[in-house]
There are 2 protein chains.
Amino acid sequence: MTDQETECPVETTLSLIGDKWKVLIIGELLAGMKRFGELHRTIPRISQKMLTQQLRQMEKDGLVNRKVYAEVPPRVEYALTELGRSLKPILHAMAKWGSNYKKGKKG
Amino acid sequence: MTDQETECPVETTLSLIGDKWKVLIIGELLAGMKRFGELHRTIPRISQKMLTQQLRQMEKDGLVNRKVYAEVPPRVEYALTELGRSLKPILHAMAKWGSNYKKGKKG
DNA sequence: TTTAAAACTTACCAAAAGGTAATAACATTA
DNA sequence: TAATGTTATTACCTTTTGGTAAGTTTTAAA
């Protein structure tokens with residue numbers, strides 16, 4: 001990413017969500033805030049390491065909010081920020097296109 | 001991709017375009033058909049190998065059309081299919097989101 | 001004092017992605 | 001006959017990605 005003229009905006013978006021795991025995570029969080037463990041149980045295919053990593057990156061990018069409770073055992077809740085929620089139309093459009101695409105492939 | 005229940009449709013879409021190079025290629029082809037060399041000159045950062053690879057995959061996925069002329073030296077023209085063009089609103093939405101995001105990061 | 005629970009963190013390793021550079025193919029032109 | 005131009009293909013190698021599994025932290029409960 002030496003970005004000659006600050007990179008194409010589509011690439012910017014993709015660098016934030018163009019990722020198998022992130023769209024799944026966002027999809028889950030669109031339904032409301034979730035604890036780490038809940039997320040993990042909902043998306044079992046992702047490893048703990050990856051889930052942490054992706055969430056942290058999304059937090060840094062301003063897409064999710066991380067709320068840590070001073071409890072033991074720890075409780076951490078993740079929720080989409082407004083910015084994160086603003087991705088909904090895009091994900092929705094992608095979902096629509098994707099299911100339409102699959103329909104074409106089958107029937 | 002063992003896909004337990006045929007994969008999330010957003011993932012389907014991402015598997016087709018969730019890729020730095022592909023969105024750039026589609027972006028170019030939205031302006032009209034281009035020869036291989038033209039594409040390469042327009043996107044110099046991509047290697048020849050990658051450009052070929054991505055185009056072939058997009059052809060297989062039904063996003064682009066590959067037209068080979070029986071000439072020497074060879075002439076090959078790439079153009080978006082209707083399916084490929086149907087991605088335009090999505091790319092446009094991503095572009096809009098992305099530039100808005102960057103605006104927020106700066107100002 | 002040991003155990004348990006939740007959310008990480010780290011080390012290590014295997015697989016995948018992607019770059020470079022050399023090579024092919026072949027009709028036309030010099 | 002040799003060079004040229006365009007679109008690939010291939011081998012080799014480096015980098016990146018991501019999985020597994022073990023360890024950490026801290027308080028409360030047994």
Side-chain angles (χ1 to χ4, degrees), chain A residues 1-4 7-8 11 14-26 28-29 32-61 63-80, chain B residues 1-4 7-8 11 14-26 28-29 32-61 63-80:
Chain A
M1 298 285 163
T2 24
D3 58 279
Q4 49 277 55
E7 192 185 55
C8 153
E11 285 185 69
L14 272 186
S15 74
L16 298 191
I17 63 161
D19 184 298
K20 184 195 186 108
W21 299 128
K22 283 181 190 165
V23 294
L24 292 180
I25 295 170
I26 294 174
E28 289 306 320
L29 292 182
M33 84 163 39
K34 283 209 169 54
R35 294 184 59 170
F36 183 87
E38 288 183 90
L39 269 176
H40 201 184
R41 262 171 272 124
T42 323
I43 315 173
R45 296 185 288 154
I46 192 173
S47 67
Q48 199 173 25
K49 169 187 161 185
M50 274 294 110
L51 183 52
T52 308
Q53 198 172 104
Q54 305 284 304
L55 283 169
R56 286 296 162 81
Q57 210 163 92
M58 292 165 77
E59 189 195 3
K60 209 179 58 173
D61 293 335
L63 299 182
V64 310
N65 204 276
R66 182 169 177 266
K67 190 171 180 183
V68 185
Y69 292 83
E71 299 177 1
V72 165
R75 176 153 65 113
V76 180
E77 287 179 349
Y78 291 94
L80 290 179
Chain B
M1 297 287 165
T2 23
D3 56 279
Q4 49 278 57
E7 190 185 57
C8 154
E11 284 185 70
L14 270 187
S15 73
L16 298 190
I17 63 161
D19 182 301
K20 183 196 186 108
W21 299 129
K22 282 181 191 163
V23 295
L24 292 180
I25 294 170
I26 294 173
E28 289 305 320
L29 292 183
M33 85 164 36
K34 283 210 169 54
R35 296 184 57 172
F36 182 88
E38 288 182 272
L39 270 176
H40 202 184
R41 260 171 274 124
T42 323
I43 315 171
R45 295 185 289 155
I46 194 176
S47 69
Q48 201 171 20
K49 169 186 162 185
M50 274 294 109
L51 183 53
T52 306
Q53 197 172 104
Q54 305 285 305
L55 283 168
R56 285 295 163 81
Q57 209 163 95
M58 293 165 78
E59 190 196 3
K60 207 178 61 175
D61 293 335
L63 299 182
V64 310
N65 203 276
R66 183 169 176 263
K67 191 172 180 183
V68 185
Y69 291 84
E71 299 178 2
V72 167
R75 176 153 66 113
V76 180
E77 287 180 350
Y78 290 93
L80 290 179

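Below, chain A is the first sequence line, B the second, and so on; all start at residue 1. Keep in mind that the numbers below use all heavy atoms, side chains included, and drop hydrogens, waters and symmetry copies.
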Could you check how far [atom1] of [X] sits from [atom2] of [N], rounded to whole Å?
| X | N | atom1 | atom2 | answer |
| --- | --- | --- | --- | --- |
| A:Q53 | D:dG18 | CD | P | 7 Å |
| B:R41 | D:dG5 | CZ | P | 12 Å |
| B:Q54 | D:dT9 | CD | P | 14 Å |
| B:K49 | C:dA21 | NZ | P | 13 Å |
| B:L39 | D:dA8 | CG | P | 11 Å |
| B:L51 | C:dA17 | CG | C1' | 16 Å |
| B:H40 | D:dA8 | NE2 | C1' | 12 Å |
| B:M50 | D:dT10 | CE | C1' | 13 Å |

Decide salt bridge (charged side-chain N to carboxylate O under 4.0 Å, His left out) for B:E11 and A:R45; before the verdict, give the C-alpha distance in whole Å, the side-chain angles of both, and the deciding distance to 0.1 Å. CA-CA 14 Å; B:E11 284 185 70; A:R45 296 185 288 154; 3.5 Å; yes
Which residue, A:R66 or B:W21, contacts DNA chain C at a nucleotide closer to its 5' end, judged by nearest heavy atom?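 Between the two, 5'-proximity favours A:R66.
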Between [options], which nucleotide has the shortest distance from any of its atoms to the side chain of [X]?
| X | options | result |
| --- | --- | --- |
| B:F36 | D:dG18, D:dA8, C:dC8 | D:dA8 |
| B:P73 | C:dT9, D:dT6, D:dG19 | D:dT6 |
| B:P74 | C:dG18, D:dT7, C:dA7 | D:dT7 |

Look at the side-chain N and O atoms of [X] and state whether any lies under 4.0 Å from the OP1 or OP2 oxygen of [N].
| X | N | value |
| --- | --- | --- |
| A:S47 | D:dG18 | no |
| A:R35 | C:dA6 | no |
| A:R75 | C:dA5 | no |

Below 3.5 Å is the cut-off: list the nitrogen or oxygen pairs between protein and nucleotides 22-24 of chain C, distance only.
none

Working to the nearest 0.5 Å, report the span between OG1 of A:T42 and CG of A:L29.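 CG of A:L29 is found 9.0 Å from OG1 of A:T42.
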Atom pair CD1 (A:I46) and CG (A:L39), whose distance is rounded to the nearest 0.5 Å: 9.0 Å
Between A:V72 and A:I46, name the one whose nearest nucleotide on DNA chain D is closer to the 5' end.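 Its nearest nucleotide being more 5', the pick is A:I46.
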For A:Y69, which contact category applies under a 4.0 Å heavy-atom criterion: base, sugar-phosphate, or nothing?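 Nothing, no heavy atom under 4.0 Å.
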